[in-house]
Amino acid sequence: MIDINSIISEMTTEGSQVIIPLIQQMLGLLPDIPMIKLMVSFILWKPIFAALICPGFSTLGILLLFFPWIERKLCARIQWRVGPREVVRWLGGIIQLLADTLKFIFQEVIIHKDAHKFYFLQFPLLTFIPALLPILFVNIASADAEYPLVAIQSPYAIQIMLALICLFPVFILGMGWASNSRYAFIGTVREAFMYFAYEVPFIIAVLAMIILFGTSGSVAITEWQSTWWRWGIICNPFAALAFFIGSAMATSRLPFEIPEADQEVAFGPFVEYSGIGFGLVYIVCYEKMYVLSALMTMLFLGGGNGPYIAPLGDLSGAVWFLLKTIIVMTTLAILRPIYPRYRLDQGLGMGWSAILFLALIALVLSIIMRSVGMVL
Amino acid sequence: MKKVAVPEYRVGEKVKLHARAIGTAMVESVYPKTVTTQYPRERKKMPDNFRGYILFEVDKCISCFQCAFVCPANAVRAKEAPNGRYYPTIDYAKCIFCHFCIDSCSGGALKTTKIHDVAYKDMDEMLTLTEEMIEPPEIIREDKKSVEYLIDEKDLHLKRVREVDTLFVAVTPPVEIPMVSQCIDRANCIGCRVCEEVCESGAISSSAENGVLKMKIDTDKCTGCGLCVKECSMQILRLVRK
Amino acid sequence: MEEGEKNRNIRILHSGVFTPLRRWGTKWSLWPCHFVTSCCGVELAHAFACGFDGERLGTLNMGIARQANFIIVEGTITRKMAPALRIVWEQMPDPKFVNVIGACGQRGGIFWNSYNIVHPSDVVPVDFFIPGCPITPEGLLRGVRAVQEKIEGRDRTTIEFKHVDLPSVEKEEHRVPTTPKIFAPTPAIRVDVPREVDWDFGKEVVNNLKAQLGGLYNSIAITDKNRIAIKTTPENLMEVARKLSDSMGIDHVKNVNVIDVAHERKFIVEYMVSGYSKELMPVIITIFTEIGRETEAEAEPGFPSLTPLWESANYSEREMHDFFGVSFEGNKGMNEKFLLAPDTPEYPLRKDFKVEEELYVLEEGVPLAPTIKPPEELTMPVSEETLDEAEKNDEMVACIGPHHPGSGHLRWIMRLKGDVIVEVNPDPGYVHRSMEKLAENRLYIQNVPLFERANISDPINMNLGYVRAIENALGVEVPERAKYLRTIMAELSRIGAFFYDAGIFSLFTGHSTGFMYVWAIREMILEAIVRMTGSRCTPSFIIPGGIRRDISDDVLELTRNFTFAIDTRLRKFEDIFVTNPVFIARTKGVGVLTREDAIRCGIVGPFLRASGVEYDIRKAEPYEVYDQLDWEATTGDAGDCLGRFLGRLEEIKQSVGIVRQAVDAVKGMPRGNVISEEILGEYKEVSDDIRGYFFRVYGNLVLPKGEWTSITEASRGTLLYSIISDGESNVPYRVRVVTPCWMNLRGIIEASKGERVADFWTVYGSFGYFPPEADR
Amino acid sequence: MEMAAIAIGESEWEVAVPDKPLKDKLYFENLKSVVIDTNLCSRCLTCAAICPGGITVVENKVDFPDYEDKCLDCGACVRVCPRFVYEPKSGLGSYIDFIAGRSKRFAGQDGAMVTELIVSAIEMGMIDRGLFAGRDEKWATEMFHVREPEQLAITTLGGTKYTFADVLPELKKAVMFTKRGVGVVGTPCIVSGIRKLQQEFPLFRERVKLVVGLFCTENFHYGDISKFLQEKGVDFDKLIKTDITKGKFIATMTDGEVKFKVKEVEEIVASGCNVCTDFTALKSDASVGSVGSAAGFSTMIVREENAKEIIGYIKEKGYADFDEATPEELDYLINLKKGREKNIKK
């Protein structure tokens, strides 16, 4: 039996409500009905706000709806063309993804006769779980804020996120297996290989940062990076680079778009998905990007740290955090028009030589910085 | 012979090349050299000699069949008009827009337009009859601007003008070389009058009296289409200059 | 197609609760399935590249059927491709739409009476047809808009004609003229008609040959400058070939040809061979022999294959086996069809197989094109041998294509051991449109656009080669101005074709920006070509004796500007793609062909030069004005993918120089006179613009008796046309065209052996393979 | 293809029109009633050669489908028909030389010497093509234009054919194509058709340079003879050659022979042959046949100078052996055919 009263009291304690001066006035205008008040304060309750609004579901949803558009537009711009434009022309085609999504939703879903029906349908949905859960551990408040803005506070936040992120490939392998197609098979094997290639340096890079920070709680990390020269990317650029390349590999961005390589294996594991099934896997790629970018922002770019914007109140940190995340995502996206694709063995080779080397340097650097007390 | 060697790059150079590639992308994302013609809204200006849909002028046609003969795709076929003469029709489901027909039309009855963007919902509609080729057709257009390519010594530029480009061009008629059909070998004439039957301008006439068939080519009426020359089984006719 | 099937999509779209959302979503998210079936794909690429950018309309080109909801059928659907089209269509989720672009996909266009095409509308339900050959990008986008409107509920044709009544004064009956084609009855076919030429080296070679071959030959004749024909018997053929190979250094086969002389009950089989030593370069030696057409008990007429000696003959022999049913004993591929589909009529190039005749009069009830029954079986089998072999060695067989984002329009059957390619077997012929057969039934002049369509990314060189063969036969001298203009156009075409290949190469390595950048350059080239000729991709502008009309000075100025403007954009392309370390890592040392391998496989053009053979026909046997301009042929010795690419890139820079010099030279010349007066005959007034007298001048072109072979350096290598004329018909007796891509196919197979799977596309891309050109 | 230099032509000219026995009928109907329906027609197809409409052969008979519609009523058919006004001739005719010859270059019965004549004429440059009758797999005749000796490698050109060949329509084509002249081989009826054509049209006078006639007793329609032979057990797929010797018809096949008396086939002899009295092709430039010379040799009746020239050329080059021939041996057959005069209904 849930004790509603205790939850309400929890909700209304000092610092557990998100305070946004800009809309505070508007909240006051709301009719004085207890139920609505309660709902508003429930939504503004920090753990719920973090999970549902920012950086959780809503932000993710909006980003997913617009980021592919941004990516396509940016790509088009670099490629001397225009990009999605004609759908609702006065908006500049910004809702292109909405059209795509609607199409996906209403399209026929084909499960071909050789596929394993159960898993074939299940895996695209399941992938959402490891992709969504890490967001719960992200703190988007700035270090100046009195109270953190995070769904779940944990001293092992980074480790848990890492563990969840490392689950991604499992589901992709599952999709490839359930598809039962040659291209999917080759693509899946490639995915597995790439997983081996990036996982170790990626984890080492994160480990380096944990050593540097001396903590793995998301709130503490943000606090640690309170000034810009203490940001992870400046203290340990090697780790940042290793992490960035690792994320590019993990999200199958070019030049490491090896498992999906459409000219070679025709979207690899996703070759047989259609309609909403493909819509999901298409979206999951961006979700992965978001999660990894958020992690990168947290570890290397100072999280929600930035100049305080008074009217936004608690959201000030969130704005900075999102801005940084989008910049990281854009950087990942911009790789697409710049690079061709590496070959599988080259990608694997890089993972186990150059990037691992970088990550190890980063680790050593962190240890040295930590042990000689260079940390300021 | 110029030998092209495959380059070797050291690590430092590679970093430089990475930087150059990234730099190029960055520059282009800020100052892109976009060359896009936004088609349904804008329309690229085509030169006047552009080979598009074909228009037809009845008055200039001498029914010489050359458009049908030369068509490599057999898209042009002549159709009998109510006055008994044959005029071209074009099957756009076969037409390859080579405009050999226009280049073969000595009367200048066929002429080009700049129409080239058409979608048909049915293949049967793609046969364009003579009757439909006379007046300029109407196409669905959404363009408000026209785009012209300017190429100077630096780069390609797109010049956008807020005007609706006309798709119909004034064509100068081809050089006139007046030819006329003449008999060059009367002794071999078998008197079959195929020439008379095939002649669509009514220039060849015959009259039989007293066991003698008199053939006559009216050089004023003769358009020099050459059909009689082609059809004469004894090859006794020839086109000569007027 | 049944009416019900055709409107099914609209019914689906209009059912259910969320109809408006559903329609709106589908309308703005038409993802075309990237199904390049033929050459209209070039213009499709233009429509989706930076010049027109189809993505603006929400149409994102998608490689895979499952995720697409829109097929743009690009041109010809052959008998071999038809099952693929149907399968792809069936794999797509509903609601799905089909547009057919290009005349080939409607009533067949220029291939309307080909034995190997089907009408796509018989295979899948089609929503819109877009005329053109090829269509323009605007046309394609108009088709997309039309589909969008159809989804909204306005299904309409986008052109409206006004009906004007024709004069109907007193009616006279007229006789309908007969066909202009003249076929000589039982023509005398000879491939060794001697010609008096001033060629001392040739006489020396002939004397040497006579001494060496002893009793092995029947006759040796000089048929033209640089052309020698040796007649021998089937029994002695191998011996003759061996002698030529040993003593003269003949090392490759340029052409294998069979001529069916049905009325004389024989086949003439000829091999055109040559060597890459300095003095032999321009020389083509034709070894030919005759075999009986009829054999006992259903067996195919047999003939010893020269493949064991010259590997470069391999695929051409298999092709001839398909066409004529001549069995080359010793070639391993004789028991299966290579280019043709299982249900293609047997031995279509034999003279007793007739194609549909043209009709010149439109009559009610007479169909506009022959009805063709599409193949019923929806299978694309893989040969048992390959499967058995793979199973035995524990290998995986993967089929790439014909519908695959990286296959082009042919199928590669790969045997893989892990990530390494054991062997690739090509399955070409998905765009085989039977040009050689059709050419036998059309006027010489009508074949100009026909052969051009072998490769619309390099149309002018295709055109030039054919026209040069005719001019060579007639002994026509082209006016100087026309020669320069032809050179300019041929080089523009070469540049365009290179950028086509570079674009495809960058796509194959996953670099879409490289593709877009070169397509912007191509857009410039096409602008120059359209202003010169009036057509973007298929100008058919070069005609025997000159060009169709003179080119104005401002277009020449634009062309000259282009040679400078290209630099700006080419530099960007180099920065982002050519010197991109990832690209270099992908291509360097991959797909190496040594000089010996390259010659053995018979590859040609820049790809041969990249392996170190200094053979460029523009230097070896200069034509047009190449010997009057200052330029250098390129060569390299790496022989890998990067070497091939960089060699061609350098070649393009030389071409830009050629264009610039030629434009400067042309500007100083008096205008007019671009068609040879010898050809014009009495119509000399039109020497600056053929308009009005085209058919009169060219309709009755008859070539002298004999075989007329021209070789030109097309963008991708040696292009060989061999026209066999009987001297009486105004229709060729046989035209054999050997396109560079066809020869390079063998090279791709050889170079990709032992490479990794991903490298196959690097090798493939580096060879600039253009399937319609290879399949013809 | 231009024979004459381009001349400025004339725009008015006259053509003499032949008489019509049946005044109010088309010329073809005249031809039909006078020649075809009276079984006078020899199926030489001279009419078909000149007809701009569509005279052709339908079921062994010369006919004109849809003539009401398509006949142009020009009268060319009656002008050229050798039997419209039939003047039967017979005998040996006038000749310059009467010899026997055997070709060294070509093998075969009578065909070899004919081939030799034509080929030598081509080699001499007198003509640029010769017209031969060949046969297809089913032993139906098909015409063959020979421009070069190499084209004669085909075996089916040699050997006697006992069915009609469409020589004259092909001759018309050949005349239109030729640059130097045409040589043609044919039975007496064909020879007389050619002569009639030449008489009427200068084009043929100029371009048909050599007419070689064949000795001929009778001929068969393909449809009739093939049916007949099949009934006798001849398989066309296996047939090698047919021969008439000593009153017997011999069909040699890969697996044996079929023999029967010539008399048996007389029922199906073409009707036109029943009124033909010409055995030696009286109007030819040279006539060739096997009767009247030793085995392996062919008898040649050289009637005109051009043929003599060719013989001279052959002798000079040594292409053939020559021998004496005995005109008397021909008498029997000449008389046999002369006897057919009685079949002509006046």
Side-chain angles (χ1 to χ4, degrees), chain A residues 72 75-76 78-88 93 95-110 112 182-183 185-186 189-190 193 254-255 257-258 261-267 270-275 277-278 282 336-346, chain C residues 12 16 18 21-22 24-31 49-53 55-58 60 62-67 69 91-95 396 398-399 404-406 416 419 506-517 520 576-577 580 582-583 585-586 756-762:
Chain A
R72 278 162 74 173
C75 198
I78 292 172
Q79 295 176 345
W80 302 343
R81 49 193 186 95
V82 177
R85 179 86 173 82
E86 298 289 327
V87 46
V88 191
I95 52 171
Q96 179 62 54
L97 253 285
L98 192 63
D100 288 345
T101 314
L102 282 175
K103 178 195 70 175
F104 281 140
I105 290 172
F106 294 117
Q107 218 171 17
E108 184 189 5
V109 177
I110 298 171
H112 66 114
R182 265 162 224 256
Y183 295 131
F185 170 69
I186 301 176
V189 172
R190 285 178 169 204
F193 271 112
L254 282 162
E257 194 213 22
I258 299 165
D262 61 337
Q263 282 84 17
E264 292 165 19
V265 291
F267 287 103
F270 315 134
V271 64
E272 294 292 349
Y273 281 91
S274 64
F278 182 72
Y282 182 76
R336 176 180 283 279
I338 298 176
Y339 282 114
R341 185 185 303 119
Y342 273 118
R343 208 165 51 213
L344 177 58
D345 58 324
Q346 285 168 339
Chain C
I12 292 171
F18 300 104
L21 286 179
R22 192 171 185 167
W24 184 80
T26 313
K27 177 186 169 189
W28 290 110
S29 184
L30 286 169
W31 286 12
C50 46
F52 290 89
D53 190 24
E55 204 190 332
R56 283 177 300 114
L57 297 165
L60 184 67
M62 212 54 185
I64 298 98
R66 295 269 191 236
Q67 287 124 42
N69 57 352
Q91 280 180 351
M92 289 191 345
D94 282 331
M396 184 168 119
C399 294
H404 182 277
L416 306 174
D419 196 33
S506 40
L507 268 192
F508 280 179
T509 52
H511 197 275
S512 48
T513 309
F515 168 81
M516 296 292 173
Y517 279 19
I576 207 157
F577 181 66
N580 194 317
V582 182
F583 171 69
R586 274 304 295 280
R756 287 177 179 276
V757 178
D759 280 337
F760 173 71
W761 284 274
T762 326

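Below, read A as the first sequence line, B as the second, and so on, with proteins coming before strands; counting in each chain starts at 1. In this text, all values refer to a predicted model and were calculated from it rather than measured experimentally.
Counting heavy atoms from C-beta on, the side chains of A:Ile186 and C:Met396 come closer than 4.5 Å. Two residues are said to be in side-chain contact when any heavy atoms from C-beta on lie closer than 4.5 Å; C:Tyr517 and A:Ile78 meet this criterion. Put simply, the side chain of C:Asn69 reaches to within 4.5 Å of the side chain of A:Lys103, judged on heavy atoms. Contact of the C:Leu60 side chain with the A:Arg72 side chain is registered, since non-hydrogen atoms from C-beta on lie closer than 4.5 Å.
For A:Tyr273, the ring pair (Phe, Tyr, Trp, His ring centres under 6.0 Å) partners two or more places apart in sequence, or in a different chain, are A:Phe120. In terms of the side chain to side chain contact (heavy atoms under 4.5 Å, CB included) criterion, residue partners of A:Leu102 (sequence neighbours excluded) are, by chain and number, A:Phe106, C:Leu21, C:Trp24.
Judged purely by atom type and a 3.5 angstrom limit, C:Asp53 uses its side chain to pair as donor or acceptor with the backbone of A:Val82. Remark: side-chain polar atoms of C:His511 are not paired, donor with acceptor, to backbone N or O of A:Arg341 under 3.5 angstrom. Looking only at distances, no side-chain donor or acceptor of C:Asn580 sits under 3.5 Å from a matching main-chain atom of A:Tyr339.
Contacts of C:Arg586 with chain A are made by both backbone and side-chain atoms, with heavy-atom separations under 4.5 Å. Both the backbone and the side chain of A:Tyr342 come within contact range of chain C, with heavy atoms under 4.5 Å apart. In this structure, the portions of C:Trp28 lying under 4.5 Å from any heavy atom of chain A include both its backbone and its side chain. Of the atoms belonging to A:Pro255, it is side-chain heavy atoms, and not backbone ones, that fall under 4.5 Å from chain C. With a threshold of 4.5 angstrom between heavy atoms, A:Gln96 approaches chain C through side-chain atoms but not through N, CA, C or O. Looking at A:Gln346, only its side chain comes within 4.5 Å of chain C, counting heavy atoms on both sides. For C:Leu507, the parts lying under 4.5 angstrom from a heavy atom of chain A are both the backbone and the side chain.
With rounding to the nearest 0.5 Å, the separation of CZ in C:Arg66 from CD in A:Glu108 is 9.5 Å.
The aromatic rings of A:Phe104 and C:Trp31 sit perpendicular, their planes meeting at an angle over 60°, well past the 30° parallel limit.
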